[in-house]
Amino acid sequence: MNPEFQQEQKRVDRVVKTIKEQIRKLEDKTARHRNEVIHIRKHFWDEIKVNTDTFDDYLETIIGLRQEAQALAVSQSTHRHASTRLSALRRMEKVPYFGRIDFTEEGNANKEQIYIGISTLTDESGDNFLIYDWRAPVSSVYYDYQPGPAKYETPGGEITGVLEEKWQYLIRDGILQSMFDTSLTIGDEILQEVLGKGTDKHMHSIVATIQQEQNKIIRHVRGRLLIVHGAAGSGKTSAALQRIAYLLYKYRNSLNADQIILFSPNSMFNSYVSNVLPELGEENMQQVTFQDYLVHRLAGEFEIENPYGQLEYVLTAVNTPSYWPRIAAIRFKASIRFFEAINSYRKSLEFSGMIFKGISFRGKPLVTSQQIAERFYSCDTSLRFHNRLEKLKDWLLKKINEAEKAERAKPWVQEEIELLSNEEYHKAYTYLAKKRGFKRDSLTDYDMEPEALAGIIVRRKMKPLRNQIREFLFIDIKGMYRQIFSDSMHIQQLIEGETAPPDWANVCQLTLEMLDEDKLSYEDATPYLFLKELILGFQTNSSIKHIVVDEAQDYSPFQFEFLKRLFPLAKMTVLGDFNQAIFAHASEMADFNTLTKLYGPEDTEVINLARSYRSTKPIIEFTRRLVPNGERIIPFDRVGERPALTQLTDHAELHRSIASKVTELQGLGFNSIAIICKSAAESERAFEGLSTIEGIKLIKVGSLEYEQGVVVIPSYLSKGIEFDAVLIYDASAHVYGDESLRRIFYTVCTRAMHYLQLYSVGEPSPFLRDVLREGFVVQA
């Protein structure tokens, strides 16, 4: 062992000793804070004297409550921060750091050795840094520069100097296993070691292997919109999660995890990435799918199709009569043209077309829909649209008050009074007595008037009507959305003379049929909600400061415009790969340049990631030939076997071959093996045919957790996830014959890290013709 290596191991030992000592102290401190929180919660009400007899007593009670609540909040916050720090230290105990730079600052003769890890560590005095957090300004030098002139930004300005040396360390359980003096961004040795590992059920942090182009994403702070367009396996999602950790560190005094939202493709993906931020000592941000939001806002009104239901239809219903009208509907309703048409439609409602629901009580109309419409359009049209609706609401509430007075003398009210239980009668008596100013000890002196009791009965019965009016439920949003499609010529007025979408009459018919069944197709859900927001007023969320949209190529231009309005103060990070744009509306996105119009080119930056790290070089050499411009994808030089194609005659033979291959791969130590099918329908059939494979699992829409082991999964649920080995269930011309399926085929093949096997029942897909001829696939 050379002296330098021994010296570095001694330093690791000293640092680990410091970490253990800090862990011991923090464990004691955390236990005290936890007991303090428990004590305050247990005795919260013991410390407060509740008295509301006089205003002063009431005020004193409120002040006492606030003081106790603040004490509890402080104790909980202190305990939470201590627990988070303790968790980081425990991780650092095994791997205290992973890199070092020797940096000489300009104007300073002394070279400083800066060690970099997942979190900062100082010595006992607190004055000397033993480890710098990977997000600290000086740490950017490690990721961005080779030895030579270097600089980094700090809050106080730019620091320049010379990067003398750059070292990488491989430390496991406190033992230095290897160290490299590298002039590369990150030495291939460590990256190879990390990439060569098998997967597990969670994505992990990549701070030890961040590349220069990924670091640019992580530390980007300019403008409103950052678009990251990267090849499959280029580390887009990993970099975005490290970016969140960086932003939480950089803006720790003004940004917390609750102010960040990650829009992810599905719930299973949420589980897959849930480990990254806690590994870095940060709380997880909010994670949601766009579908979750739509259901949250519209579930009470409609049965809403999910995006995978739409995609399943696109993949399996090609021979049905309504298929091409539906495809035309999906594409148009995803477009900016339709977004602008909805805007135009809402503006036209200021002059005509508003539809209202009449208001009835006990089966008799109080105000008809026609009366409401006449009142709305007779209102001062110079007022803003929402002010006119507010005035209409106030008018309706007055109508309810008038109706309430008229109802009190009707026979049904007397019948209700006679049916009151003793308890209900007593409650009404107490309420009226207090309203008249009688004290608690003189209630018996109050003589309840029958008219007053009748007023209570009628008011209670009419309360739901008042609530409906206050919530604007008298506005028929569904009727107005339906109105767009009730006359196929109406669209011409809304798109201002442009050509109507193809097959528009059939699109209108399909839409009306769904609405009449109280169902919303996925392509209608966002436009419907957008119209509703334009009419009733946008429910914007101004507390969110940053949103991250993963698999952005699956979102429509319409949805991005909606998100912009929903989160008016938020910055946005958008990640995607247009080669994986598998939804039918992908043509409306064209490419990610469409998104630059969201905030304008001056407020937008686009970063392209061309290098792919997920798969071995032979797999990437194969997959990049499946898509246009694939030559731009640069493979990381990691050895492996070429993808293989096995052609079979029937599904019985297919299932025997797959079962045998799974056994072989398990023997080689692969932890995650995915059998990827085109659709959910094909996945069901495959799972049934492969049921003899021990422990095999079927992944469905709605699966909440990414599963290890052997899984059968439809193409669209595999997006964003990687597997040790991938078996393409049937890569035949029968299944993947249409050119529209090229991106789906590319997507499923790029899920493989170490091994890719394709099967074909009959003639292989035309997508494989060239790669077979050129020798990038081995034909068994």
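Worth knowing before you read on, the calculation uses all heavy atoms, side chains too, and leaves out hydrogens, waters and symmetry mates. All of these numbers come straight from a predicted model, not from anything done at the bench.
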If you look at every heavy atom in Met354 and Tyr377, which pair is closest and at what distance?
N-OH, 2.9 Å
Can you see which heavy atom on Met480 is nearest to which on Leu349, and at what distance?
SD-CD1, 3.9 Å
For a quick test of reading the model, state the closest non-hydrogen atom pair linking Leu566 to Phe538 and the distance between them.
N-CE2, 4.1 Å
Looking at Glu763, I'd like to know if its CD atom is crowded, meaning that more than 12 non-hydrogen atoms belonging to other residues, nucleotides or ligands lie closer than 6.0 Å.
no
Any non-hydrogen side-chain atom of Leu225 less than 4.5 Å from a side-chain atom of Thr573?
no
Heavy atoms of other groups near Glu688 CD, more than 12 under 6.0 Å
no
Whether Phe562 and Phe530 hold their rings parallel, tilted or perpendicular, with breakpoints at 30° and 60°
perpendicular
Within 6.0 angstrom of Glu303 CD, more than 12 heavy atoms from elsewhere
no
Report the relative orientation of the aromatic rings in His651 and Tyr729; use parallel for angles under 30°, tilted for 30 to 60°, perpendicular for over 60°.
tilted
For Phe485 together with Trp504, are the ring centres under 6.0 Å from each other?
yes
Under 3.5 Å, is there a donor-acceptor pair between the Asn401 and Arg459 side chains?
no
Using only atom types and a distance under 3.5 Å, with no angle test, would you say the side chain of Glu407 pairs donor to acceptor with the backbone of Val458?
no
Counterpart residues, side-chain hydrogen bond (donor to acceptor under 3.5 Å, both in side chains), relative to Gln371 (two or more places apart)
Thr368
Between Arg297 and Glu533, does at least one N-O distance fall below 4.0 Å, as a salt bridge requires?
yes
Side chains of Pro714 and Cys677, heavy atoms from C-beta outward: is any pair under 4.5 Å?
no
Arg751 side chain to Thr747 main-chain N or O, any donor-acceptor pair under 3.5 Å?
yes
Would a distance-only check, ignoring hydrogens and angles, find a side-chain to backbone donor-acceptor pair under 3.5 Å from Lys719 to Gln580?
yes
Strictly distance-based, threshold 3.5 Å: is any side-chain N or O of Arg743 a donor or acceptor partner for the main-chain N or O of Phe578?
yes
Would you please indicate yes or no on a ring centroid separation below 6.0 angstrom for Tyr345 and His490?
yes
Keeping Lys700 on the side-chain end and Ala680 on the backbone end, is there a donor-acceptor pair under 3.5 Å?
no
To the nearest 0.5 Å, how far apart are CZ in Arg470 and CG in Leu465?
11.0 Å
To check you understand the geometry: which heavy-atom pair defines the closest contact between Thr289 and Phe263, and what is its length?
C-CD2, 4.1 Å
Do the side chain of Ser765 and the main chain of Tyr736 share a donor and acceptor less than 3.5 angstrom apart?
yes
Relative to Tyr599, does Lys564 satisfy both conditions: NZ or CZ under 6.0 angstrom from the six-membered ring centre, and within 45 degrees of the ring's axis?
yes
Quick one, Glu551 and Leu575 - any side-chain contact, counting heavy atoms below 4.5 Å?
no
Test item: Tyr522 and Leu311 side chains (from C-beta on) under 4.5 Å apart, heavy atoms:
no
Exercise: identify the closest heavy-atom pair between Pro568 and Arg224:
O-NH2, 3.2 Å
Go through Ile475 and Ile477 one step at a time and tell me if the side chain to side chain contact (heavy atoms under 4.5 Å, CB included) criterion holds.
CA-CA 6 Å; Ile475 300 174; Ile477 306 293; 3.7 Å; yes
For His229 and Ile607, what are the C-alpha separation, side-chain angles and deciding distance, and is it a side chain to side chain contact (heavy atoms under 4.5 Å, CB included)?
CA-CA 6 Å; His229 183 232; Ile607 298 177; over 6 Å; no
Just verifying a value: how many Å separate Asp476 CG and Gln483 CD, rounded to the nearest 0.5 Å?
9.5 Å
Does the pair Asn467 and Leu473 meet the rule for a side chain to side chain contact (heavy atoms under 4.5 Å, CB included), with working shown?
CA-CA 9 Å; Asn467 290 339; Leu473 296 182; over 6 Å; no
When you compare the side chain of Ser369 with that of Ile355, does any pair of heavy atoms fall below 4.5 Å?
no
Go through Thr316 and Tyr323 one step at a time and tell me if the side-chain hydrogen bond (donor to acceptor under 3.5 Å, both in side chains) criterion holds.
CA-CA 10 Å; Thr316 61; Tyr323 184 79; over 6 Å; no
Ser718 OG to Ile675 CD1 distance, which is reported to the nearest 0.5 Å
13.0 Å
Does the distance from a Lys or Arg side-chain N to an Asp or Glu carboxylate O, for Asp550 and Lys236, drop under 4.0 Å?
no
Answer yes when Lys393 and Glu471 have at least one side-chain N-carboxylate O distance shorter than 4.0 Å, and no when they do not.
no
In short, Ile535 meets Arg346 closest at the heavy-atom pair CG1-CG, 4.0 Å
Test log, rule side chain to side chain contact (heavy atoms under 4.5 Å, CB included), inputs Leu262 and Val549:
CA-CA 6 Å; Leu262 167 64; Val549 181; over 6 Å; no
Checking Tyr528 against Glu301: is there a side-chain donor and acceptor pair closer than 3.5 Å?
yes
Hey, could you give me each pair passing salt bridge (Lys or Arg N to Asp or Glu O under 4.0 Å) that has a residue in residues 521-530? Not counting sequence neighbours.
Arg326-Glu523, Lys333-Asp524
Using modelled atom types and a 3.5 Å cut-off, is there a donor and acceptor pairing between side-chain atoms of Thr540 and backbone atoms of Ser542?
no
Determine, for Lys678 against Asp730, whether the closest basic-nitrogen to carboxylate-oxygen distance falls under 4.0 angstrom.
no
Flag, side chain of Glu312 to backbone of Ala681, donor-acceptor distance under 3.5 Å
yes
Quick one: does any side-chain atom of Gln492 pair with a main-chain N or O of Thr499 as donor and acceptor, under 3.5 Å?
no
Decide yes or no for Phe356 and Leu392: does some side-chain heavy atom of the first lie under 4.5 Å from some side-chain heavy atom of the second?
yes
Over 60° means perpendicular and under 30° means parallel, so classify the ring planes of Phe338 and Tyr481, tilted if in between.
perpendicular
Please check if any side-chain donor atom of Glu561 sits under 3.5 Å from a side-chain acceptor atom of Gln559, or the reverse.
no
Using the ring of Phe332 (Phe, Tyr or Trp, six-membered ring only), decide whether Arg337 places NZ or CZ under 6.0 Å from its centre and within 45 degrees of its axis.
no
One should read off an interatomic distance between Leu595 CG and Ile227 CD1, to the nearest 0.5 angstrom, of 4.5 Å
Using only heavy-atom distances, determine whether the side chains of Glu605 and His220 contain a donor-acceptor pair under 3.5 Å.
yes
Report the relative orientation of the aromatic rings in Phe385 and Phe376; use parallel for angles under 30°, tilted for 30 to 60°, perpendicular for over 60°.
perpendicular
Taking side chain as C-beta onward, heavy atoms only, is Met514 less than 4.5 Å from Glu305?
no
Interatomic spacing from OG in Ser683 to OH in Tyr716 - rounded to 0.5 Å:
7.0 Å
Taking Arg632's backbone N and O only, do any of them form a donor-acceptor pair with Arg624's side chain (distance below 3.5 Å, no angle check)?
no
More than 12 foreign heavy atoms under 6.0 Å from NE2 of His734: is that the case here?
no
Any non-hydrogen side-chain atom of Ser521 less than 4.5 Å from a side-chain atom of Phe302?
no
